[in-house]
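The block underneath contains the structure these notes are about, expressed in structure tokens.
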Amino acid sequence: MSEILSLAKAYESYFKIGAAFSPNSLEIHKDLLRTQFNSFTCENQMKYEPAEPLPGEFHFAPADSIANLARELGIKMRAHAPVWHTQTPDWMYQDGEQDADPELIYQRIDEHTKMMAARYNDVVYCWDVVNEATRDDAPAEGSGESDVYRNSRYFQLCGSEFITRAFKSMDKYSPDAQLFYNDYNECFPEKRERIVKLIRKLQEDGCRVDGFGMQQHYFFAPNYDELKRSIETYAGLGLRLHVTELDVSLMAVLNPTGDRIRPGDAAYDAYLKAALNPTPEQINAISEIYEKLFEIYRQYKDVIDCVTTWGVADDITWLDRFGTDPNAPKIKQYPLLFDMNHQPKPCVAQMIDAVK
Ligand code: GLA
């Protein structure tokens, strides 16, 4: 690897630069992890299913391997997403053949939280206590569903109280960590309104909510004005902000409106052809999006404390498999700050120059 300047170092007086990754990155991305980042997130290993696949049976080893590198380097972690409607085993919702009643669910969340906190409190500065509990679209008329909350198993069984209880448990066992709610499409005005309602309700319930995690997965060209409006709205709730899952899909360049293109749609063939053979200009356009996003993050450094990319370098990214038809060819994605060979993209030098 050629000598590269450290992003995290350059941004020390702005915000932390984080990476989310799985244990396979520990070897593959060894150098980048040691030089470019000062906040780590487990991509999956602290979620319910991997961490407690059966009631009371904890699998700590994968999360431990990441936590141990953090400890070795003196880096703290954003712990990610225990209470979430997905990657949660069915046992959470069941009591034998019956649905679990809410108190049993809260007790399970409480016990899980206690175990995770005891194991990782020394290395964790922040928890995404609850992930993605708002809905994407208005409910169908007459469905009786909430206009704010996702109609998840948790919500069906507990109403919104599971969110409140999850925050109370985390506050009890991790009093020194910052507690975050985390969500996606957080800059869409309608979704933003739902997120604001969810957070206000937690605040009314007397929960300690320290921050909001803006996922910032881009499948469409960013609307920079809405991004600024969103930062101001969330900060206006008295919250600290983290960008928690930043990446930029090729879709943002090839299909900037973000309309889903599926196999069989008229535009699909042309899209697939372009996506399978992206030009250097198209890949570079992703780097330019990063420059603009970071310009805005820097403007709001008083409220943003951390910017985490969902991945380390382009050779390992969940986006290669996301949303594609299983029979369609894999569409390689280039969504991160470091390329397939772990070299910084042009935006990295620009981002560092901008804070010199
Ligand atoms: C969501 C979750 C993350 C991760 C990504 C995709 O945004 O919050 O934990 O699963 O999707 O990998």
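Positions are given from 1, in the same order as the sequence printed here. Values below: all heavy atoms of this structure, side chains included; hydrogens, waters and symmetry mates excluded.
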Assign the ring pair [X] / [Y] to parallel, tilted or perpendicular, where the plane angle (0 to 90°) is split at 30° and 60°.
X	Y	answer
F322	F219	tilted
Y48	H112	parallel
F212	Y181	parallel

Using the benzene-type ring in the case of Trp, are the ring centres of F188 and F220 under 6.0 Å apart?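 So the answer is yes for these two rings.
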Ring centres under 6.0 angstrom apart (F162, Y106):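 So the answer is no for these two rings.
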Closest contact, heavy atoms only, F167 versus V130: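 Looks like CE1-CG2, 3.8 Å.
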What heavy-atom pair brings K172 and D110 nearest, and what distance separates the two atoms?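 The pair with the smallest heavy-atom distance is NZ-OD1, 3.1 Å.
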Would you say the side-chain atoms of [X] and [Y] include a donor-acceptor pair closer than 3.5 Å?
X	Y	answer
D31	H342	no
H85	R153	no
E288	Y290	no

Of all pairs that satisfy side-chain hydrogen bond (donor to acceptor under 3.5 Å, both in side chains), the ones with a partner from residues 222-231, not counting sequence neighbours: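 Sorted result for residues 222-231: R192-E226, R192-S230, E226-R229.
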If a pair satisfies salt bridge (charged side-chain N to carboxylate O under 4.0 Å, His left out) and one of its residues is in residues 338-349, list it, with sequence neighbours excluded.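 Qualifying pairs, neighbours excluded: D314-K345.
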Once salt bridge (charged side-chain N to carboxylate O under 4.0 Å, His left out) is applied, what residue pairs with a partner in residues 173-188 remain, sequence neighbours excluded?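 Found D183-K191.
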Rounded to the nearest 0.5 Å, how far does OG of S152 lie from OH of Y93?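 Between atom OH of Y93 and atom OG of S152 there are 6.5 Å.
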List in chain and number order the residues that pass ring-ring contact (aromatic ring centres under 6.0 Å, His included) with Y173, two or more places apart in sequence or in another chain; answer none if no residue qualifies.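 Here no residue qualifies.
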Residue list, side-chain contact (heavy atoms from CB on, under 4.5 Å) with E295, at least two apart or on another chain: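 Counting only residues at least two positions away or on another chain, E295 forms a side-chain contact (heavy atoms from CB on, under 4.5 Å) with R298, Q299.
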Which residues satisfy the side-chain contact (heavy atoms from CB on, under 4.5 Å) test with R208, sequence neighbours excluded?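 Once residues adjacent in sequence are excluded, the partners of R208 under the side-chain contact (heavy atoms from CB on, under 4.5 Å) criterion are D171, L179, D210.
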Of I75, L26, D64, which is the lone residue that meets side-chain contact (heavy atoms from CB on, under 4.5 Å) with L69?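 Considering I75, L26, D64, a side-chain contact (heavy atoms from CB on, under 4.5 Å) with L69 is found only for L26.
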